[in-house]
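Working notes, structure below.
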Amino acid sequence: MKYELPKLEYGFDALEPYIDARTMEIHYTKHHQGYVDKLNAVLEKYPELAERNLEDLIKNAADLPMTESDRLALLHNGGGHLNHSLFWQTISPEKKTDESLKSEIEKKFGSVEEFKKQFSQAASSHFASGWTWLVRDENGEPAVYSLPNHESPIAKNHKPIAVLDVWEHAYYLKYQNRRPEYIENWWNVFKFF
Ligand code: MN3
């Protein structure tokens, strides 16, 4: 089975002015498409893996019968595909408030404001390319942290809930080096509350 770009539920300009249309278009049609294409290219070499889902392949990458460079290509491009797919679902032009997630967050972090503060801090202080995550940890509780490159929390059995892309390609056209401003504006399109 070939992987494909997931359908976007909104137009490229729907998140203006917080995320600009040009960035959305390039991010989705060039960056994300590039990860999908390279993921398909590496998996084509291993038809015996065709039946296994991508989460399973990423979790067990260390044990797969692949060359080291193909293993890295699988992790990078497979992670890139999964992470972007969740990123598009984390943001929306309309709030779709999740009251039960909100109350879990308030219980764990004290308040929504404190959660946002810790998440923004993790995102702005992450060095170089990566992603900042809201996950359920091994105890099922909400947790926040950043991971480098396209690493995924599923590799440590954490369940992703929401994610922010802090690679420069996600914000550079509009915000240049002002990552904290991108992050602050991003909360306006964060879907869950
Ligand atoms: Mn990206």
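Note that the numbering runs from 1 along the sequence shown for the chain. Both ligands and their constituent atoms are indexed starting at 1 by order of listing.
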- Residue pair Asp70 / Tyr46, side-chain donor-acceptor N/O under 3.5 Å: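 There is such a pair between these side chains.
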- Message: Please confirm whether the ring centroid of Tyr182 lies under 6.0 Å from the ring centroid of Trp186.
- Response: no
- Please confirm whether His32 and Phe87 have ring centers closer than 6.0 angstrom.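 No, too far apart.
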- Query: In a check of ring-ring contact (aromatic ring centres under 6.0 Å, His included) between His27 and each of Trp167, Tyr172, Trp88, Phe12, which one passes?
  - Reply: Trp88
- Message: Within 45 degrees of the ring normal and closer than 6.0 Å to the centroid, is that where the cationic atom of Lys156 sits relative to Tyr145?
- Response: yes
- Query: With a cut-off of 2.8 Å, how many protein N, O or S atoms neighbour the Mn ion (ligand 1)?
  - Reply: 4
- Would you find more than 12 non-hydrogen atoms of other residues, nucleotides or ligands less than 6.0 Å from Glu184 atom CD? no
